[in-house]
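Remarks on the structure that follows.
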Amino acid sequence: MIKKEMMRIVSQEGIADDIFEITLEGSLVKEMHQPGQFVHLKITEGPEAFLRRPISIAKINKEMNQFTMIYRKDGLGTRLLSEKIVDQKVDVLGPLGNGFPVEEAQSGETALLVGGGIGVPPLYELSKRLVKKGVHVIHVLGFQTNSAVFYEEKFRELGSTYVATVDGSRGSKGFVTDVIKTEGLVFDTLYACGPTPMLKALEENYRGYNAYLSLEERMGCGIGACFACVCHVQNDSLGHAYKKVCSDGPVFKVGEVVL
Amino acid sequence: MIKKEMMRIVSQEGIADDIFEITLEGSLVKEMHQPGQFVHLKITEGPEAFLRRPISIAKINKEMNQFTMIYRKDGLGTRLLSEKIVDQKVDVLGPLGNGFPVEEAQSGETALLVGGGIGVPPLYELSKRLVKKGVHVIHVLGFQTNSAVFYEEKFRELGSTYVATVDGSRGSKGFVTDVIKTEGLVFDTLYACGPTPMLKALEENYRGYNAYLSLEERMGCGIGACFACVCHVQNDSLGHAYKKVCSDGPVFKVGEVVL
Amino acid sequence: MNRLHVELPGLSLKNPIMPASGCFGFGKEYAQFYDLNKLGAIMIKATTVEPRFGNPTPRVAETSSGMLNAIGLQNPGLQKVMTEELPWLDQYDVPIIANVAGSQIEDYVEVAREISKAPNVHAIELNISCPNVKTGGIAFGTVPEIAAELTKLVKQASSVPVYVKLSPNVTNIVEMAKAIERAGADGLTMINTLIGMRIDLKTGNPILSNKTGGLSGPAIKPIAIRMIYEVSQAVSIPVIGMGGVQSAEDVLEFFYAGASAVAVGTANFIDPFVCQTIIEELPRILDKHGFDHISECQGRSWKNYATTTYRGS
Amino acid sequence: MNRLHVELPGLSLKNPIMPASGCFGFGKEYAQFYDLNKLGAIMIKATTVEPRFGNPTPRVAETSSGMLNAIGLQNPGLQKVMTEELPWLDQYDVPIIANVAGSQIEDYVEVAREISKAPNVHAIELNISCPNVKTGGIAFGTVPEIAAELTKLVKQASSVPVYVKLSPNVTNIVEMAKAIERAGADGLTMINTLIGMRIDLKTGNPILSNKTGGLSGPAIKPIAIRMIYEVSQAVSIPVIGMGGVQSAEDVLEFFYAGASAVAVGTANFIDPFVCQTIIEELPRILDKHGFDHISECQGRSWKNYATTTYRGS
Ligand SMILES: Cc1cc2nc3c(=O)[nH]c(=O)nc-3n(C[C@H](O)[C@H](O)[C@H](O)COP(=O)(O)OP(=O)(O)OC[C@H]3O[C@@H](n4cnc5c(N)ncnc54)[C@H](O)[C@@H]3O)c2cc1C
Ligand SMILES: Cc1cc2nc3c(=O)[nH]c(=O)nc-3n(C[C@H](O)[C@H](O)[C@H](O)COP(=O)(O)OP(=O)(O)OC[C@H]3O[C@@H](n4cnc5c(N)ncnc54)[C@H](O)[C@@H]3O)c2cc1C
Ligand SMILES: Cc1cc2nc3c(=O)[nH]c(=O)nc-3n(C[C@H](O)[C@H](O)[C@H](O)COP(=O)(O)O)c2cc1C
Ligand SMILES: Cc1cc2nc3c(=O)[nH]c(=O)nc-3n(C[C@H](O)[C@H](O)[C@H](O)COP(=O)(O)O)c2cc1C
Ligand code: FES
Ligand code: FES
């Protein structure tokens, strides 16, 4: 069930250039079931940073009633979030959307998790769940540059992990798709989250596969009411079929919607 | 000189119903010379409580680089101010305006200081200055009700102090003007700050006297540039003479401007 | 006595609070948060004859104390609204105000005729003010004669009262309102969004793919208040006010300006519980300001209480 | 190369930043804070033939991300501006743009004729858009023919270039702009304030004694950007943009929309140093976005960089 709660900041830490890891605590965590879901944050009480910000759930700790997000300080709202300190509260609406289907990967199979930039965080909880289930995971994580890399070690603890940077300052130089190709990675299920060009490249290469892509779109309500975040459905002859990224997604099966 | 400074909150305390005393620290205090001047506060950094708020200087402590204000939590801005805590900063523009002329009262003379509600605070620094100079001070302070009274003891330490409340729950029942009349108070100089009806009553009674009234008006700039806070000049046949409350006032000699 | 009860043409409202069109879908999403029966009414998303996809994304952008949207009247089309959305809403005892849009007069007339037949549609809201579509929409909302003509024809076709939604993007809103009143409208709803734009500093292009969008939220509240103040004095049909409402205090301000009911739009996105919260807080606000009934507040900013003792709209 | 230098009719600006009329008085107060020589220009308070007191107070009210003002064109009158204010400003090497207002055409013409003779007045800003006066002001700003007629006569009388200040309270701002361009205006300044109102919940009355006032500040920025975007593409005279500017980033957004210079109004009240700060920050913003010269940004949101290599306005 979707809840709205003022959640307490348990920790907040810079973990890479302009990348922050924040952990919040509250009973809303009880509602979090699927990796790949997101929350919608109202960062200040007043009119500043007027709209909510969608941020993915990166880690869920049910015992402690805590969950973790990883975000990039970018515009106004994320800057204000990065200035918040422990024990302050954040207004959280969530969990929202449909996340990655863990049930699509079976024990003993191989899942390839591909993330780009701030698309990496939701893969962490996903990977933990898959590993727990006995799925063999491979991570391919793409970043701009060395100083933007985060969570490499944490992913490595869960399975083999390849890092690519655009400028080659860490891991291999190039894009995640290059890594998959050069390393000859094979898998049963693909999960991916990242910038649209990355998702498009993956769609191109793995259209027939059991692949799931998490989309990003500017949002109003975050719950399916305002029609801000719609995307077209593939092979829709009339052109008015749609899916809402916030409530039908953000994760879609490859080939389902137009990227 | 007028300065703009992010000043540190040294203390903040509720001292009566919805009445707060706040002390700020910073080098701007060096510029504060006259009792009755005010500062213009930007309470949040962002768009919330968009305009600055004018608040009088109630106490100046040059040695400590600190000054104190007393304000009523009323609308949005003062509510946000009341939520600020020690060590947070407030954006202060000041000191502004022309305060009470201390030089108008001579050693050995008697000054009557009349304040109503949140008009009381600037009289405190004034009274201290007058007492220091050897002026005999009498305070008449009007409040709505007992729970709204503040600083009575502090004023009493400086000189005889009469309190009136509208509902009679503390001191005498009625208005400050009633007190002056029934107590038969006499004085050489009158200083007053409070709601316009109070100032009007004083003007009526003491037009020919050496009396100084501090006015209140909604402000834009606070420095004389926007023409938001003008008042008419008395006996102005053409009708377009004006004084700005923010920069010509807030203190005017009785009879100078139209209340 | 229900202190919040308001009677308007076609609408018997248990309270004067309703979500604004386009900001509440067809209700389903918000039904997850609270019982929709609490609402005075629901203004559903604009409906057109045919299903529409609307504009390409991005469709929303943030502004200072507001947002821009360029949804472009996306909706499932008249038929699906009639057979799915309205029947679903019929489980609630809440009057529906159906927001009707189109590209040409015939479209409006057809949607109004059909949708007004739905048992739970108690009023039509004629959307002549959507700034986000190329044809129709705002054109009808800026020329008094065209607006009047459309109003007349829709009024003839509709079997329920017709409210016309005014655009604030006009030189003279009073003239528009009067022309629409003369044409037979039963009420007015106002204001729709103001046309605005934001440019992405990184790309240099407008953030919205439609370039311009409609500005809503607290930023436009003073404009809404001013227009309602002017229009409510110039016409004798009721005004449902909207534009930046976030709190019960805001509702009071709209009533003072001259509104007889109030719609809440963008605020639903910030706080999905906002309508419920406002409804719960209103009695406290009435107490605080010494009113027995919400209707006493209506038009208070321009009514002369010394000479008249007005009660109710 | 001065990266911020901009040439406009009558105005050779060391940088494109100037305080907006009515938000900077005649400069004296802000001279306490920084050296006015730093400014690109100064738009002085509206001047009328006779001294005016303006409206009763309260004259300002706060809104979400903005403010309302109803100063009512208070000013010391033409004579005093000529003999005191402008000579005082002459100590600075800053072009003055004289905001000219009036109740009837003759007033405008007279003020323009006289004030344009002052040696430091390099341009006239024709204020046909003040929402806070009963006669004149906004009436001239909403009917294209009347605006054009006034522009023509003022242009004849003035010995310096004439910029006309547009009101956003119109249905079709492009039509206004074109009529004014055809009438011979040398440039446009936009936008003036939007008409708004706030009601005091305690008294039930409008906060402003004038009831309505002009809305300014960040709340109106998206409306300003949209209007400048539309107008700058439709005319070939330059636009000086304003409306909610608070930062160097905002200046960039106005340039992208199509402005050739930018005025800062309300923000001066929040931060008296704001114009200086923006001027100091602009080069950094140009670096960040890869521009050598501010003029490269002008109209970027609608210019096709693939086919044209535009440099300067
Ligand atoms: C489902 C989903 C999950 C996301 N998960 C993460 C995450 O885990 N970590 C992370 O760092 N970022 C994530 N993002 C992107 C994140 O929402 C934006 O970076 C953030 O909203 C930008 O806000 P701002 O205050 O920094 O920027 P501003 O420019 O101040 O934002 C202004 C408005 O634009 C919207 N906006 C701006 N950029 C984006 C964008 N890229 N996507 C969607 N809306 C945008 C904002 O939400 C806001 O409404 C996610 C986005 C979506 C849709
Ligand atoms: C020279 C001067 C000195 C003052 N000194 C004090 C003081 O020492 N202590 C104190 O408690 N109050 C003082 N006031 C009044 C104080 O400025 C207002 O109470 C305060 O601005 C209200 O702000 P708000 O955020 O509570 O209300 P809001 O309603 O949120 O304010 C909205 C806007 O209206 C203005 N406003 C509202 N009420 C007033 C008012 N009564 N006077 C002026 N502007 C108003 C605000 O400044 C703001 O711009 C003084 C006013 C002036 C002019
Ligand atoms: C995302 C969004 C979609 C909207 N869609 C419609 C619509 O379909 N029909 C309509 O008449 N108004 C529509 N509006 C306008 C609102 O109903 C309302 O008039 C406006 O937003 C002002 O109110 P607010 O400030 O409370 O949002 C929409 C507004 C938003 C923000
Ligand atoms: C207090 C105040 C007084 C103003 N006086 C004038 C004026 O005399 N002449 C004029 O053309 N515009 C006047 N304006 C409008 C501004 O010049 C400017 O167009 C408008 O405020 C939008 O810019 P901003 O949002 O940066 O303030 C005034 C604005 C304010 C806030
Ligand atoms: S964000 Fe409102 S429908 Fe998806
Ligand atoms: S507040 Fe601007 S002149 Fe006084």
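Sequence lines set the chain letters: A, B, ... in the order given, protein chains first and strands last, and positions in each chain run from 1.
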Original post:
Do you know which of C:Ala224, C:Gly290, C:Ser64 has the most heavy-atom pairs with chain D at a distance under 4.5 angstrom?
Top reply: C:Ser64
**OP:** Report the option among C:Ile223, C:Ile199, C:Ile225, C:Thr63 that has the most heavy-atom pairs separated by less than 4.5 Å from atoms of chain D.
**Re:**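 Option with the greatest count: C:Ile199.
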**OP:** Using a cut-off of under 4.5 Å on heavy-atom pairs, state which of D:Ala61, D:Gly66, D:Ala219, D:Gly217 scores highest against chain C.
**Re:**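 It is D:Ala219.
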Original post:
Between D:Gly196, D:Gly244, D:Ala257, D:Pro222, which shows the greatest number of heavy-atom pairs under 4.5 Å with chain C?
Top reply: D:Pro222
Over all heavy atoms of both residues, which pair between [X] and [Y] is shortest? Give the atoms and the distance, please.
{"X": "D:Pro19", "Y": "D:Ala263", "result": "C-CB, 4.4 Å"}
{"X": "D:Val251", "Y": "D:Ile278", "result": "CG2-CG2, 3.7 Å"}
{"X": "C:Phe254", "Y": "C:Gly243", "result": "CZ-O, 3.2 Å"}
{"X": "C:Cys23", "Y": "C:Asn268", "result": "O-CB, 3.7 Å"}

Subject >> Under the side-chain contact (heavy atoms from CB on, under 4.5 Å) test, residues paired with D:Asn15 that sit two or more places apart >> reply: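 If we apply the side-chain contact (heavy atoms from CB on, under 4.5 Å) test to D:Asn15, skipping adjacent residues, the hits are D:Leu4, D:Ile17, D:Ile279.
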Is [X] in contact with chain C via its backbone, its side chain, both, or neither, using a 4.5 Å heavy-atom distance?
{"X": "D:Lys288", "value": "neither"}
{"X": "D:Leu201", "value": "both"}
{"X": "D:Tyr256", "value": "both"}

Original post:
So C:Thr171 and D:Thr171, side-chain hydrogen bond (donor to acceptor under 3.5 Å, both in side chains) or not? Walk me through it.
Top reply: CA-CA 5 Å; C:Thr171 308; D:Thr171 309; 3.3 Å; yes
